[in-house]
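Reviewing the structure listed below.
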2 protein chains.
Amino acid sequence: MFAALGDPTRLALVAKLSRGGASSIVQLTEGTELSRQAVTKHLKILEQAGIVHSVRSGRESRYELDPAPLAEVKDYLDRVSAEWDQALMRLKAFVEE
Amino acid sequence: MFAALGDPTRLALVAKLSRGGASSIVQLTEGTELSRQAVTKHLKILEQAGIVHSVRSGRESRYELDPAPLAEVKDYLDRVSAEWDQALMRLKAFVEE
DNA sequence: AAAAACCGCAACCTTATGGTTGCATATTAT
DNA sequence: ATAATATGCAACCATAAGGTTGCGGTTTTT
């Protein structure tokens with residue numbers, strides 16, 4: 001998940017999809033400096049990570065966002081920062097003891 | 001940010017720091033299959049991303065978590081999913097029109 | 001004073017990653 | 001029917017990423 005979003009191009013693709021809704025590969029390639037195939041590869045990676053899925057519609061395949069995994073990431077970060085707070089509390093208690 | 005957390009080793013380091021609190025490099029290396037230098041490299045990357053910072057204490061340097069950037073990531077994901085919801089709404093309105 | 005523990009630096013190696021190019025295939029428009 | 005559009009597949013390339021090893025320096029410990 002983090003790895004999938006770790007690439008700037010892929011993060012930009014997610015941002016573009018979040019704004020523009022479902023889009024074809026050529027549409028997603030417009031604006032970037034990359035070739036169509038490069039974008040395709042990134043889309044495959046995002047798809048494998050479950051962040052995005054494609055629907056074939058005639059000669060074009062449209063990709064659209066799948067926001068559920070993003071929520072999972074948020075939950076994970078919530079747990080991590082909660083644990084960190086607890087660790088700080090324990091440290092505080094230990095020092096004051 | 002995402003790139004920094006995209007590596008499984010680094011994600012594990014963050015998790016360990018969130019539970020155990022500040023730790024030295026050797027402590028963070030224990031449990032992993034990696035060399036001390038490998039862990040050091042990962043810590044440098046996390047430090048550059050602002051996720052972690054080090055404090056030298058005698059002969060050891062202790063690393064501790066910096067949860068603020070994690071909150072930023074959560075905010076970013078919030079914005080992305082909000083935009084996606086709006087895109088869906090617009091699509092719905094367009095179809096029903 | 002020696003020995004041990006903890007760390008930093010630098011060179012080096014291997015492989016995944018991001019990217020391009022060329023060609024083939026399936027739809028849509030003229 | 002033909003041309004144009006949109007994509008898929010595969011080979012190939014360059015570089016960055018992850019990792020190890022060796023060595024030297026500084027605190028602690030004994």
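Protein chains get the first letters and strands the later ones, always in sequence-line order, with residue 1 at the start of each.
In this structure, A:E33 CD and A:T9 OG1 are separated by 10.5 Å, a value rounded to the nearest 0.5 Å.
Considering only side-chain atoms of B:I25, the nucleotide from D:dC9, D:dA6, C:dC7 that sits closest is C:dC7. Side-chain proximity of A:D7 to the nucleotides C:dG8, D:dA6, C:dG18 is greatest for C:dG18. Considering only the side chain of B:H42, D:dG18 comes nearest among D:dG18, D:dA6, C:dC6. Relative to the side chain of B:K44, the nucleotides D:dG8, C:dC9, C:dC7 differ in distance, and C:dC9 lies closest. Among the nucleotides D:dG19, C:dC6, D:dT21, the one closest to the side chain of B:R59 is C:dC6. Side-chain proximity of A:A38 to C:dG19, D:dA6, D:dT20: nearest is C:dG19.
Atom CG of B:L43 is separated from atom P of C:dC7 by 10 Å (rounded to the nearest Å). Between B:Q37 atom CD and D:dG19 atom C1' there is a gap of 10 Å when expressed in whole angstrom units. A straight line from CZ of A:R62 to P of C:dT28 spans 13 Å, rounded to a whole angstrom. Here the P atom of nucleotide C:dG8 and the CZ atom of B:R36 are 8 Å apart, to the nearest Å. Taking atom NZ on A:K41 and atom C1' on D:dT7, their separation rounds to 15 Å, with Å as the unit. Straight-line distance from the CG atom of A:L5 to the C1' atom of C:dG18: 17 Å, rounded to whole Å. Atom CD1 of B:I45 is separated from atom P of D:dA17 by 8 Å (rounded to the nearest Å). Atom CG in B:L28 sits roughly 19 Å away from atom P in C:dA5 (whole-Å rounding).
Looking at heavy atoms from C-beta onward, A:E64 lies in side-chain contact with B:W84 at the 4.5 angstrom threshold. Residues A:I45 and A:D7 fail the side-chain proximity criterion, which asks for heavy atoms closer than 4.5 Å.
Between the side chain of B:R36 and the backbone N or O of B:L28 there is no donor-acceptor pair closer than 3.5 Å.
Dashed line: the shortest gap from a side-chain N or O of B:S35 to OP1 or OP2 of D:dT20 is under 4.0 Å. In terms of phosphate contacts, A:R10 brings a side-chain nitrogen or oxygen within less than 4.0 Å of OP1 or OP2 of C:dG18.
Residue-level contact check: A:R56 touches the backbone only, with heavy atoms under 4.0 Å from sugar-phosphate atoms and none from bases.
Mapped onto DNA chain C by nearest heavy atom, A:G58 and A:E33 fall at different nucleotides, with A:E33 at the one closer to the 5' end.
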Verdict with reasoning, B:M1 to B:E72, per side chain to side chain contact (heavy atoms under 4.5 Å, CB included): CA-CA 9 Å; B:M1 258 286 353; B:E72 280 182 36; 5.8 Å; no
